[in-house]
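This report concerns only the one structure given below.
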Amino acid sequence: MKSLGIAGTDPSAATAPHRPSFHGSGAVAFSTKGEYGVRLMVQLGRHYGTGPASLADVAAEEDLPRAYLEQLVMSLRDAGLVVSTRGAHGGYELSRNPADIRMSEILRALEGPIAPMICASDDPGHANTCDRSARCTVNILWVRVRDAIAGALDAMTLADLVPQRIVTLDAPIEPATTLQGATTS
């Protein structure tokens, strides 16, 4: 059977897990840059304090294309969110604590200004690009949508998406001793 270039049409091809191609196409949507970049940052957040993580490991863990992560990490590095280390044990790590990195910073670095419509961009350079802005009464809707999205992203940090690490102790914890003269029930 001749393949038409559509995934899953060739029965002799190896079966790979099907992942829906939906990455947002509704009224307000983020691209794969935003989605994959956030997943990359969460993985780096999980490695925070343990040294650099390789993009190959992150790509394998998240089932993402390494070449695409290499492009995304450049935007994150340019925004000052990640730092790179060269060498055998090199890779990427967060530039600061996950609790100090707002999700709005990450998405702006990956997607650009938050703007449900160009007239409501949070980038001052885009503020006057619409020729209707002087007489538009709908702009307030787009500004409120922008502010709601920006508020939600500003209120959440990367630490909110990174699960807490469970620390195990090698030795069992000794029961606390009572102080002399203290009464016990």
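- For E111 (side chain) and S31 (main-chain N/O), a donor-acceptor pair under 3.5 Å exists by modelled atom type.
- Across all their heavy atoms, S95 and G80 have their closest contact at OG-O, 2.6 Å.
- Residues L94 and H47 have side chains not in contact (no heavy-atom distance under 4.5 Å, counting atoms from C-beta outward).
- Once rounded to the nearest 0.5 Å, the distance linking CG of L40 with NZ of K33 reads 13.5 Å.
- When all heavy atoms are compared, the tightest approach of A150 to R108 is CB-NH2, 3.9 Å.
- Between I101 and R96, the closest side-chain pair of non-hydrogen atoms falls below 4.5 Å.
- The CD atom of Q71 sits 12.0 Å away from atom CG of L110, with the distance rounded to the nearest 0.5 Å.
- A distance of 13.0 Å separates OH of Y92 from CE of M41, quoted to the nearest 0.5 Å.
- To the nearest 0.5 Å, atom CZ of residue R146 and atom CG of residue N139 are 8.0 Å apart.
- In this structure, I114 and L107 have side chains that are not in contact, with every pair of non-hydrogen atoms separated by 4.5 Å or more.
- The two atoms that bring L81 and A109 nearest to each other are CD1-CB, 4.1 Å, heavy atoms only.
- Annotation: ring pair (Phe, Tyr, Trp, His ring centres under 6.0 Å) contacts involving residues 49-85, sequence neighbours excluded, comprise Y36-Y68.
- Between the CD1 atom in I149 and the CG atom in D154 there is a gap of 11.5 Å [rounded to 0.5 Å].
- When all heavy atoms of G45 and L158 are compared, the pair lying nearest together is CA-CD2, 4.5 Å.
- Note on L153: it does not cluster hydrophobically with V143, by side-chain heavy-atom contacts below 4.5 Å among ILVMFWY residues.
- When all heavy atoms are compared, the tightest approach of G90 to P52 is C-CB, 3.8 Å.
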Check step by step if side chain to side chain contact (heavy atoms under 4.5 Å, CB included) holds for V83 and E93.
CA-CA 6 Å; V83 294; E93 57 191 321; 3.7 Å; yes
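- When every heavy atom of M156 is checked against every heavy atom of L161, the shortest pair comes out as SD-CD2, 4.1 Å.
- Between the side chain of R39 and the backbone N or O of E62, at least one donor-acceptor pair lies under 3.5 Å.
- Distance check: L72 CG to T32 OG1 gives 7.5 Å after rounding to the nearest 0.5 Å.
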